[in-house]
Structures are given as C-alpha cells and as structure tokens.
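This report concerns only the one structure given below.
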Protein chains: 2
Amino acid sequence: MARTTKREEIIQAADRLFYRRGYEHTSFSDIAQDVQISRGNFYYHFKTKDEILDAVIQARLAYTQQMLSLWETEGDRPEERIRCFIRILIVNQAKILSYGCPVGTLCSELAKLGHPLQADANKLFTLFRVWLRHQFVKMGHAKDADDLAMHLLARSQGVATLANAFHDETFINQEVQQLCDWLDAQAITAKT
Amino acid sequence: MARTTKREEIIQAADRLFYRRGYEHTSFSDIAQDVQISRGNFYYHFKTKDEILDAVIQARLAYTQQMLSLWETEGDRPEERIRCFIRILIVNQAKILSYGCPVGTLCSELAKLGHPLQADANKLFTLFRVWLRHQFVKMGHAKDADDLAMHLLARSQGVATLANAFHDETFINQEVQQLCDWLDAQAITAKT
DNA sequence: TGGATTTTAGGACGATTGTCCTAATTGGTC
DNA sequence: GACCAATTAGGACAATCGTCCTAAAATCCA
C-alpha cells in the first residue's frame, strides 16, 4: 500500500514508460499492464491520454523543482550548485545511454506531434534555465547569465543525444570534465 | 515527369514526413496522399514500413555524403570546411526551429522504439563524425581529432534541440558565433 | 494491332488504438 | 447487517494501423 494512491501509481508508470518508449508508442494497455489494472478501468482515473501526459508533466515539473531546491542548499558557492546540474549526466548515465534525456526527447516528440501540451513540456527546460540563470547571476554574470544558462543546457542536451546514439559512456565523462573546466573559466572571468 | 520515378517520389515524401512528424506518427496513408497514389498501391512499391524507412535512411546517407564531398572542394583550409558544417544551423534555421535536427530526432525516436534500423540511422552521425575527424586531423589535431569531432557534433545537436524547444533563432546565431570562435581557437592551438 | 508487363485502385483482413458504458465488487459508515 | 460511495473488470465502439489480395488500367514492345 505505502503512501501512493492508484492514481499516483499510474502516473509513475506512465512517466517511466513515456521516457523509455516515447509518448505515442506507449498505449493505455502498456500502462494498465504495468500497474496491474484492467484496461477499461483506466477511464475511471484518466479520461484521455492527454490527461495522463499532463499529469506526468506536472509530476516531472514538481520533482524537478524539488531537486533544484535541494541543490540550492548544497554547497555555498553557485559554481558548486551548477556542478550538481552537470553531474546529472553522470548520475543518470545508464538511463541516458539507453533513452537519452527525458526532457529533450519529450519536447522533441511533442514538437513533431504538434501536441497541445508542448508548451507545458517546455516548462521543464525553463525550470532549469531560470535556475541556472539565477546561479550565473550570483556568480557575477548579471549581463550574460541567460546566455550562459542556455549554453550549458544546450551542451548537456548534445551530450545526451550523442551518448545515446553511440552508446558511449566515455564520451559523457570527457564532456562532463570539459563542462566543469568551462564552468571554472566562467567563475574566473566573472570576478574581473 | 522529370527524372524522378514514383519510387523516388515516395522516398522523398516519406523523408519529408518522417522529419516533420516523426517515423511512427507518419502512416502509409499520409505518404500515399502526399504522392497522390492510392493507399493500397503502396504495397507494390514497398512491402513494409521498415522498407520505406530503410530507403529513406539510405537516401539521407547518400545525399549527406554528397554534401560532405562538396564541402571538401570548398575552401582550401580545413577550418573553412568545418565552418560549412557549423553553418548548416543557419542554412536550415527555419526547419530546425520547427522540427529540430533531422539526424538527432530520428536516432532518438528509433532508440525509443527499439527499432532494428537504429544502427543504420546512427550511420548518419558517423558520416559527419568521420568527416569532421578528417578535417581536424588536417588541422593538426591528430591525437584528439575524434574527440573534437564528437564535441562539435554534440554542440550542434544541443543547439538544435534547444532552438526547437524555445523557437529561438537568436540563440542559434549566438551559438554559431561561439562555435566559430571555438574553431578558431582550435586552429591556433593546433599549430603549436 | 495484340499480347505481355508494369502499375494502378479498391477493398478485405486482423490487430490495436483511444474512448466510453455498464454491471459487479469492494470498502467504510451507520 | 444495510446502505452508500469509491473502485473495479470486462467488453463494446468506431477509427486507424500495417499488410495483403485481386482485378482493372496503363504502358511497353513485337
């Protein structure tokens, strides 16, 4: 039983499956089978597939925000916090090698589908963008904080995409090192 | 009539649709409607959907190779040729803003589908990788040519993904400028 | 012109999709 | 034990999917 309701169980399963197989390639049956309920009973919890996607996106936004808040308390310098962001490439290495970045791949898919929830999915990117911008401002990069945030986001995306395609974990480690070096360089230029 | 056969017409339409809507979200009907043939007649040209995908990938490989060969003849320094690669972010700006990178999004999708043609699609990345590596070797980066090639590929991928999500063309221009600067820096460190 | 070949249109097929309805079951409250 | 609400299972539904068959039409060649 634990604390999770059936609804939360469904959202968790959908979250996992949407990431692994993609949104469109995941069916009601797949999710229902995963949480051990009948396919028909699905309608009681969610009226449409978009409703599940919406719930999944909201859940991702929630725990992403939670993660960012947690990082905010770790370390006392903004560089160390940004390093937390860079390190997710290492922490989630295995998943990234198999399925890419959860945010990037979802946004790409929804863009191709012309899906109405596209904008909501993009908020995931915005969450990271705003948080990173905030950190760069604190580093002394008031002027180009947003550019630096976008730059770092893009670098991470690229690493995830390539690592996924080539199934290359050495590449991830190399690029993470370069990103850390880049970050250090930004810390130096900021003070001047 | 021109020179194109019906089969080539189908491949072209499928190529375009796979890029815009994604592979799975494009149906036989969609392609058939695009090239003005009946849905049933499709079977005469292609037995399965995978067969079309295979043909599309082969076509992409062919004209990508052709493009790389063309770049090989432009300019006399490898830096100028690599700049051709970077510039596709500008040349295909409108499409990238709407649909992302054709290579990256296809590989990501096929990875999620666990599709057997995944490896063939990845050859598109390899084509660029090998070509870029070749240019970096000529620049004097014999040792780290492959790392530089992968790095540049990843940067481009990230830019495409973010530009697509945020529909931001200014971001593309900024990042292209940074990539060119980075390339110049590599040209300098190579000679030493 | 006549016959062979290529290409076509139309529809059947079984499976799967998202959606929706209904009747049965469960669980808690008086 | 009786009542009420929450939750369930099973299946119907129309549409769409990829696949495949067949007969007609178009095209080519002798």
Side-chain angles (χ1 to χ4, degrees), chain A residues 1-58 106 109-110 112-118 120-121, chain B residues 1-58 106 109-110 112-118 120-121:
Chain A
M1 297 303 144
R3 167 115 294 202
T4 60
T5 67
K6 206 82 200 173
R7 184 187 160 88
E8 286 165 345
E9 233 180 288
I10 292 173
I11 295 175
Q12 271 181 31
D15 190 354
R16 216 183 99 261
L17 288 168
F18 288 171
Y19 176 37
R20 299 188 165 211
R21 310 185 187 180
Y23 169 65
E24 199 176 32
H25 192 243
T26 301
S27 71
F28 278 88
S29 307
D30 294 329
I31 306 172
Q33 194 170 357
D34 202 284
V35 298
Q36 306 255 47
I37 67 170
S38 78
R39 205 180 73 264
N41 188 25
F42 223 106
Y43 191 66
Y44 175 75
H45 299 283
F46 295 96
K47 301 299 176 194
T48 68
K49 202 180 176 185
D50 288 5
E51 232 175 79
I52 309 180
L53 177 60
D54 189 50
V56 167
I57 292 175
Q58 295 308 319
L106 178 66
E109 183 180 4
L110 297 188
K112 302 234 177 204
L113 301 183
H115 198 283
L117 291 177
Q118 207 172 327
D120 293 79
Chain B
M1 299 301 145
R3 166 114 295 200
T4 61
T5 67
K6 206 82 201 175
R7 184 187 161 89
E8 286 165 345
E9 234 180 288
I10 292 173
I11 296 174
Q12 271 181 30
D15 190 354
R16 217 183 96 263
L17 288 169
F18 288 171
Y19 176 38
R20 299 187 165 211
R21 310 185 188 182
Y23 170 65
E24 199 177 33
H25 193 242
T26 301
S27 71
F28 277 90
S29 307
D30 294 330
I31 307 172
Q33 195 170 358
D34 202 285
V35 297
Q36 306 256 45
I37 67 170
S38 79
R39 205 180 73 264
N41 188 25
F42 223 105
Y43 190 67
Y44 175 76
H45 298 283
F46 295 95
K47 302 298 175 194
T48 68
K49 201 180 177 185
D50 288 5
E51 230 175 81
I52 309 181
L53 177 59
D54 189 50
V56 167
I57 293 175
Q58 296 308 320
L106 179 66
E109 183 180 3
L110 296 187
K112 302 234 177 204
L113 301 183
H115 199 284
L117 291 178
Q118 208 173 328
D120 293 81

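First the proteins, then the strands, lettered A, B, ... as listed; each starts at 1.
Judged as a side-chain contact (heavy atoms from CB on, under 4.5 Å), and not counting sequence neighbours, B:Q33 has no contacts. Under the side-chain contact (heavy atoms from CB on, under 4.5 Å) criterion, B:D34 pairs with B:A13, B:R16, B:L17, sequence neighbours left out. Residues meeting the salt bridge (charged side-chain N to carboxylate O under 4.0 Å, His left out) test with B:D120, sequence neighbours left out: B:K123. Checked against side-chain contact (heavy atoms from CB on, under 4.5 Å), A:T48 has the following partners two or more places apart in sequence or in another chain: A:D50, A:E51. For A:R39, there are no salt bridge (charged side-chain N to carboxylate O under 4.0 Å, His left out) partners at least two apart in sequence or on another chain. The salt bridge (charged side-chain N to carboxylate O under 4.0 Å, His left out) search around B:D30 returns B:R21, not counting sequence neighbours. With sequence neighbours excluded, no residue forms a salt bridge (charged side-chain N to carboxylate O under 4.0 Å, His left out) with A:R7.
Within the structure, ring-ring contact (aromatic ring centres under 6.0 Å, His included) contacts touching residues 32-58 of chain A (residues at least two apart or in different chains) are A:F28-A:F42.
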Tabulate protein N/O versus nucleotide N/O from nucleotides 3-7 of chain D, keeping only pairs under 3.5 Å, one per line.
residue : atom : partner : partner atom : Å
D:dT7   : OP2  : A:Y44   : OH           : 2.7

Identify each atom pair where a protein N or O and an N or O of nucleotides 25-28 of chain C are less than 3.5 Å apart, giving names and distance.
none

Every protein N/O within reach of nucleotides 15-19 of chain C N/O, cut-off under 3.5 Å:
residue : atom : partner : partner atom : Å
C:dT17  : OP1  : A:S27   : OG           : 3.4
C:dG18  : OP1  : A:K49   : NZ           : 3.0
C:dG18  : OP2  : A:F28   : N            : 3.1
C:dT19  : OP2  : A:K49   : N            : 2.7

Checklist outcome for this item: Counting primed atoms, P, OP1 and OP2 as sugar-phosphate and everything else as base, the B/S/- map of nucleotides 23-29 of chain D against protein heavy atoms under 4.0 Å is -------
